[in-house]
Asks: 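Can you read through this structure? Questions will come right after.
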There are 2 protein chains.
Amino acid sequence: MTESIPQYRQLYEVLRKQIVEGIYRQGDLLPSESALCRQYKITRPTVRHALDALLNEGMIRKHQGKGSIVTGPANGIGILSISGTTSALGMHNLRTHILSKPSILKWPEPFMFPLDEEVRASGCIYLERLRLVDDRPIFYDLNYLPNINLPRFTSRKFEEQSLFDILRRAYRIEVKSGEQRIRAVRADNNIHGYLNVPVGYPVLHLQRKLNTNRPGYYFFSSIHCNTDAYALYGTF
Amino acid sequence: MTESIPQYRQLYEVLRKQIVEGIYRQGDLLPSESALCRQYKITRPTVRHALDALLNEGMIRKHQGKGSIVTGPANGIGILSISGTTSALGMHNLRTHILSKPSILKWPEPFMFPLDEEVRASGCIYLERLRLVDDRPIFYDLNYLPNINLPRFTSRKFEEQSLFDILRRAYRIEVKSGEQRIRAVRADNNIHGYLNVPVGYPVLHLQRKLNTNRPGYYFFSSIHCNTDAYALYGTF
DNA sequence: TAAACCAACTTGTATTTACAAGTTAATTTC
DNA sequence: GAAATTAACTTGTAAATACAAGTTGGTTTA
């Protein structure tokens with residue numbers, strides 16, 4: 001185990017990766033605490049700290065006398081998922097259509113969440129997308145990112161990569177947490193056009209503030225979602 | 001601290017109660033770890049275990065060098081929260097009206113989530129509630145709990161305590177995780193009657209499966225939520 | 001009086017030790 | 001061979017010790 005990153009965190013990341021990659025699957029037992037102590041040459045409280053992190057994340061459950069049982073890979077933070085009538089997880093055949101390429105604008109007034117003055121003064125990068133699942137329009141989303149330290153963001157291609165992936169790969173920005181408000185609203189003419197639902201039809205409206213690993217850096221989304229074929233699915 | 005209940009758990013319950021009752025409010029510092037050690041005559045790892053439980057529940061955050069800061073009576077896992085236009089957290093003046101007291105029934109067919117055969121055979125405890133915020137009906141929920149090892153559940157009073165609190169205090173059952181599906185639907189005559197919205201009005205419909213610390217024990221809720229005055233609020 | 005320094009305090013990480021309680025496999029007994 | 005017992009293993013709880021890193025308030029210095 002290398003220095004500067006706490007040992008418990010390193011073990012947590014190793015085990016987490018093994019679960020996400022399917023090396024340990026739902027129902028499998030992880031190595032016992034004492035086996036992990038021997039394998040990684042660390043003490044049991046440190047192992048337990050790593051396992052507690054996995055436990056709190058919901059990736060494992062623990063059973064006294066039996067061991068640590070994998071419950072399965074959790075949803076990535078902030079990732080939207082849908083579920084059809086079969087309770088199947090995850091996205092189906094997702095296609096993204098960029099309605100408005102990233103451009104730098106002033107923040108809309110009024111804005112759905114309060115903004116710091118610095119963020120407001122820097123303007124926002126605005127991105128408008130339609131996301132289709134199995135060729136059916138499901139999500140119509142407006143995204144607002146503070147125009148702070150995102151060089152050449154407006155020249156990136158969003159059809160082929162998700163917004164989260166671009167932020168993570170190109171800017172080392174990872175979504176860590178967030179908050180959202182969800183309402184049921186009537187589709188107006190705009191939503192009717194994009195989501196192919198009748199005017200007045202009930203759709204979900206999500207307002208989200210996503211917190212990242214960059215201190216003080218948040219970004220925002222306003223998403224309308226058609227749930228007639230797929231429900232919005234989440235875990236907690 | 002008395003025996004048979006782990007000490008860390010007793011301290012967790014004491015501190016949690018103090019936060020919920022407003023003795024410590026959002027932004028307040030809890031006593032330091034060493035102060036709690038002296039006060040309760042337990043060692044620091046035990047104190048930290050209790051504080052970690054509060055941390056994982058979201059009731060506090062910790063700041064090295066500063067202390068443990070109360071974030072407020074958080075969202076417990078699976079707790080529904082609402083937010084008005086001010087982004088204020090948490091529940092307002094919540095009142096619960098029991099429409100149908102707990103009774104033991106067969107599971108409805110078809111049921112919204114797959115059931116184990118043992119669970120299906122045991123029947124369910126059914127509870128129907130209307131929850132009002134500032135005297136406005138907001139949540140209409142149907143709850144289904146497997147009729148397994150919940151002695152005298154049907155004789156408990158639900159108006160004065162939440163379902164989660166009763167499960168936790170009387171049965172040591174805590175909600176640990178869960179999954180949900182959210183849709184926007186039109187209010188039918190039933191929902192119109194309970195949530196005081198026009199027939200056809202868009203409301204949220206949540207189907208939830210809540211996982212507990214008791215192995216294999218899940219319970220379920222179907223919730224309709226009127227979001228015209230308050231949004232459904234969540235963090236992730 | 002403002003800035004720098006230091007002490008006391010805070011949480012974060014890690015090790016060591018000990019015992020309790022639950023699970024599973026091996027051994028013993030009938 | 002089946003049942004009972006025991007040993008080895010598992011996680012759960014708790015204490016004691018040590019050092020690191022961040023925060024805050026008091027003291028000293030310029």
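To find a chain, count down the sequence lines: A is the first, B the second, and so on, and within it residues start at 1.
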Asks: I need the CG-P distance between A:Leu11 and C:dA14, as an integer number of Å.
Replies: 11 Å
Asks: For A:Arg9 and A:Gln64, find the nucleotide of DNA chain C closest to each by heavy atoms; which residue's nucleotide sits nearer the 5' end?
Replies: A:Arg9
Asks: Determine to 10° how strongly the helix from C:dT1-D:dA30 to C:dC30-D:dG1 is bent, judged from the axes of its five-pair ends.
Replies: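 Inter-axis angle at the termini of the helix from C:dT1-D:dA30 to C:dC30-D:dG1: 10°.
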Asks: For DNA chain D, whose closest nucleotide is more 5', that of B:Pro45 or that of B:His49?
Replies: B:His49
Asks: Residues in side chain to side chain donor-acceptor pair (under 3.5 Å) with B:Asn211, at least two apart?
Replies: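 Side chain to side chain donor-acceptor pair (under 3.5 Å) check on B:Asn211 returns B:Ser177.
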Asks: B:Asp28: which residues meet the side chain to side chain donor-acceptor pair (under 3.5 Å) condition with it, sequence neighbours left out?
Replies: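 Listed in chain order: nothing, the list is empty.
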Asks: Going by salt bridge (charged side-chain N to carboxylate O under 4.0 Å, His left out), name the residues that satisfy it together with B:Lys17, two or more places apart in sequence or in a different chain.
Replies: B:Glu21
Asks: Between A:Lys66 and C:dG22, is there a contact of a side-chain N or O with OP1 or OP2 at under 4.0 Å?
Replies: no
Asks: Under 4.0 Å from any heavy atom of chain B: name the first and the last nucleotide of DNA chain D that qualifies, 5' to 3'.
Replies: D:dT13 to D:dT24
Asks: For the pair B:His205 and B:His224, name the ring-plane relationship: parallel under 30°, tilted 30 to 60°, perpendicular over 60°.
Replies: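 The arrangement is parallel - the two ring planes meet at less than 30°.
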Asks: For A:Gln10 and C:dT13, what is the distance between atoms CD and C1' respectively, to the nearest whole Å?
Replies: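 For the pair A:Gln10 CD and C:dT13 C1', the rounded distance is 12 Å.
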Asks: Classify the nucleic acid contact of A:Ser32 as base, sugar-phosphate or nothing, counting any heavy atom under 4.0 Å across all strands shown.
Replies: sugar-phosphate
Asks: C:dC9 P sits how many Å from B:Leu29 CG, rounded?
Replies: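 Taking atom P of C:dC9 as the reference, CG of B:Leu29 is at 16 Å.
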Asks: In this structure, how many angstroms lie between the P atom of C:dG12 and the CD1 atom of A:Ile5, rounded?
Replies: 18 Å
Asks: Is the closest basic N to carboxylate O distance between B:Glu174 and B:Arg9 below 4.0 Å?
Replies: yes
Asks: With sequence neighbours left out, what residues match B:Lys62 under salt bridge (charged side-chain N to carboxylate O under 4.0 Å, His left out)?
Replies: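 Only B:Glu33 meet the salt bridge (charged side-chain N to carboxylate O under 4.0 Å, His left out) criterion with B:Lys62.
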Asks: Could you pull out all residues at least two apart from A:Arg61 that satisfy side chain to side chain donor-acceptor pair (under 3.5 Å)?
Replies: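 If we apply the side chain to side chain donor-acceptor pair (under 3.5 Å) test to A:Arg61, skipping adjacent residues, there are no hits.
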Asks: Who passes ring pair (Phe, Tyr, Trp, His ring centres under 6.0 Å) against B:Tyr126, sequence neighbours left out?
Replies: B:Tyr144
Asks: It should be established whether A:Thr46 places a side-chain nitrogen or oxygen under 4.0 Å from OP1 or OP2 of nucleotide C:dT15.
Replies: yes
Asks: Residues in ring pair (Phe, Tyr, Trp, His ring centres under 6.0 Å) with B:Tyr8, at least two apart?
Replies: B:His49
Asks: Measure the distance from OH on A:Tyr40 to P on C:dT15 and round it to the nearest whole Å.
Replies: 15 Å
